[in-house]
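Chain naming here is simple, since letters A, B, ... match the order of the sequence lines and numbering starts at 1 in each.
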2 protein chains.
Amino acid sequence: MSGQSHRKFESMDAPADAPRSIGDLAVATGTKAETIRWYERVGLLPAPARQGRGNYRTYGKEHLDRLSFLRRARDLGFNLEQVRALLDLADQKDQDCAAVSVIARAHLDAIERKLADLTVLREELRRVVGQCQHGRIDECRIIEALAPGMKEARQSGRRSARRG
Amino acid sequence: MSGQSHRKFESMDAPADAPRSIGDLAVATGTKAETIRWYERVGLLPAPARQGRGNYRTYGKEHLDRLSFLRRARDLGFNLEQVRALLDLADQKDQDCAAVSVIARAHLDAIERKLADLTVLREELRRVVGQCQHGRIDECRIIEALAPGMKEARQSGRRSARRG
DNA sequence: CTTGACCTTGTAGTTACTACAGGGCGTATC
DNA sequence: GATACGCCCTGTAGTAACTACAAGGTCAAG
Ligand SMILES: [Zn+2]
Ligand SMILES: [Zn+2]
Ligand SMILES: [Zn+2]
Ligand SMILES: [Zn+2]
């Protein structure tokens, strides 16, 4: 599973929570080393010890767990502000989980709004794309649909929202 | 419709293609003045004449048309690289519109992929959110779902794509 | 001793804008 | 005339979440 040969923190019995290099952690979590360092810089991962002669970062199981949590939350589309809040909450084990639920539901709502927006957009685009008859550009319905009033305004004054 | 009183390029008969200030163009297209200047800087809008004493930009109908086209394309989700290509194509009136169609279809495909991804995400999030029983955080199913292996690995090794 | 994989730091680039800061111009009002 | 107000100008920096170098240090193997 993990690297052999000349990897730094390779212990022979490999107790699964043995110290890891940043490269090991990267492989284990599917995260680039640069991203892991960046998470550290912005305070999402605690700075690990530096043990080797070469000032290398040395990670333990707590880092692996925290980074795995972070990445899974990112995969679910939570932004880093939300992830930060979730990580903080996950540490307060005896608190009520209401705040967790609030964050997750807010994110779900946002996704549903985005889905609704995209669905509208898809229909509009399908209509536009479907009208192209593949002729000259000055007769192309796609271009016409984008140029309201360049020949004649064909559509009523609709106006979509764009990020807001 | 447009400004009265002390607006700069206000003509009394207002022939609809009269020169406009950047503010007029902003109102007419629902674009902030800063954004219009930025489109100029990155070459999406031609630099207009500067006629007034105050070095102010003076726009004509061609700018209004081009900016309207641009904004409508943006509202449909085309990115600026695509908009740039579409604007270039729209000027070549006697060419075949195949390239236009290619761009539009590629964008539609991208939207459909995004929709598919988001739909999967929504289902996953709904499942996660729906399992929270509102108790203590160390029993919360949302936190558990985010922390694979922190107690026990519950899910099989799936891995989503994220921007790629 | 050299090679090569790995690590370190720091900086700049990506997308499509948005938000100032600091100042000029033109009209209206006191 | 002085002041206020609204619009315009340039230029810089910030946003989200990384990614891509550049320039160099360390370590084990051949
Ligand atoms: Zn992932
Ligand atoms: Zn066509
Ligand atoms: Zn719009
Ligand atoms: Zn819960």
Side-chain angles (χ1 to χ4, degrees), chain A residues 2-10 19-27 29-45 47-59 67 70-71 73-84 107 110 114 161-164, chain B residues 2-10 19-27 29-45 47-59 67 70-71 73-84 107 110 114 161-164:
Chain A
S2 57
Q4 44 253 68
S5 74
H6 52 75
R7 286 298 262 273
K8 211 62 175 319
F9 308 112
E10 197 67 22
R20 299 158 187 269
S21 71
I22 197 171
D24 290 340
L25 197 57
V27 170
T29 61
T31 312
K32 300 195 175 183
E34 287 157 322
T35 305
I36 298 177
R37 286 188 211 106
W38 180 76
Y39 286 153
E40 181 184 328
R41 285 207 332 130
V42 298
L44 281 162
L45 277 184
R50 311 285 188 120
Q51 281 171 355
R53 284 271 188 296
N55 198 31
Y56 292 3
R57 289 171 176 82
T58 305
Y59 294 97
L67 181 54
L70 197 167
R71 294 299 277 182
R74 291 290 297 125
D75 281 349
L76 287 175
F78 290 97
N79 65 31
L80 286 187
E81 181 188 5
Q82 295 171 319
V83 173
R84 205 181 290 268
H107 178 42
K114 217 174 275 184
R162 195 209 320 270
R163 75 161 84 261
Chain B
S2 57
Q4 43 253 65
S5 74
H6 52 75
R7 285 297 263 275
K8 213 61 175 319
F9 309 111
E10 197 66 22
R20 299 158 186 269
S21 71
I22 197 170
D24 290 341
L25 197 58
V27 170
T29 61
T31 312
K32 300 195 174 181
E34 288 158 322
T35 304
I36 298 177
R37 286 188 211 107
W38 180 75
Y39 286 153
E40 182 184 328
R41 286 207 330 129
V42 299
L44 280 162
L45 277 183
R50 311 284 189 119
Q51 282 171 355
R53 286 269 189 295
N55 198 32
Y56 290 4
R57 289 171 177 82
T58 305
Y59 295 96
L67 180 55
L70 197 167
R71 293 298 276 182
R74 291 289 298 123
D75 280 349
L76 287 174
F78 290 96
N79 64 32
L80 286 187
E81 180 188 6
Q82 295 171 319
V83 173
R84 203 182 290 268
H107 178 42
K114 218 173 275 186
R162 196 209 318 270
R163 74 162 83 263

Exercise. Once you round it to whole Å, what is the distance between P of C:dA16 and NZ of B:K32?
Worked result: 17 Å
Problem set entry | 5' priority, DNA chain D, between B:A33 and A:N55 [closest heavy atom] | B:A33
Exercise. Counting only distance, no hydrogens or angles, is the base of C:dC20 paired donor-acceptor with the side chain of B:E34 under 3.5 Å?
Worked result: yes
For this session: Ignoring backbone atoms, test whether A:Y39 places a side-chain nitrogen or oxygen under 4.0 Å from the OP1 or OP2 oxygen of D:dC18.
Result: yes
Exercise. Below 3.5 Å, does any donor atom in the side chain of B:Y56 face an acceptor in the base of C:dG24, or the other way round?
Worked result: yes
For this session: Round to a whole Å and report the spacing from CG of A:L67 to P of D:dC18.
Result: 11 Å
Exercise. For the residue pair A:L70 and A:V83, what are the closest heavy atoms and their distance?
Worked result: CG-CG1, 3.8 Å
Problem set entry | Exercise: do B:R71 and B:T29 side chains pair donor with acceptor under 3.5 Å | no
Exercise. Is the distance from OP1 or OP2 of D:dC7 to the nearest side-chain N or O of B:S21 less than 4.0 Å?
Worked result: no
Seminar exercise, completed: Taking every heavy atom of B:L80 against every heavy atom of B:R74, the minimum-distance pair comes out as CD2-CD, 3.3 Å
Exercise. Nearest-Å distance, CH2 (B:W38) to P (D:dT15)?
Worked result: 18 Å
Exercise. To the nearest Å, how far apart are A:Q51 CD and C:dT8 C1'?
Worked result: 17 Å
Exercise. With distance as the sole test, does B:H107 use its side chain to make a donor-acceptor pair with the main-chain N or O of B:Q82 at under 3.5 Å?
Worked result: no
Exercise. Can a side chain N or O of B:R57 be found less than 4.0 Å away from OP1 or OP2 on D:dC8?
Worked result: no
Seminar exercise, completed: A:R84 atom CZ is separated from D:dC18 atom P, nearest whole Å, by 12 Å
Exercise. Can you check side-chain contact (heavy atoms from CB on, under 4.5 Å) on B:Y59 and B:I36, steps first, answer last?
Worked result: CA-CA 11 Å; B:Y59 295 96; B:I36 298 177; 3.5 Å; yes
For this session: Could you check how far CZ of B:R37 sits from C1' of C:dC20, rounded to whole Å?
Result: 12 Å
Problem set entry | D:dC18 phosphate, OP1 or OP2, under 4.0 Å from A:R74 side-chain N/O | yes
For this session: Find the distance A:R41:CZ to C:dT8:P and express it as a whole number of Å.
Result: 14 Å
For this session: Answer yes or no: does a side-chain N or O of B:R50 lie under 4.0 Å from OP1 or OP2 of D:dT10?
Result: yes
For this session: Please state how far atom CD1 in B:I36 lies from atom C1' in C:dC17, giving the value in whole angstrom units.
Result: 13 Å
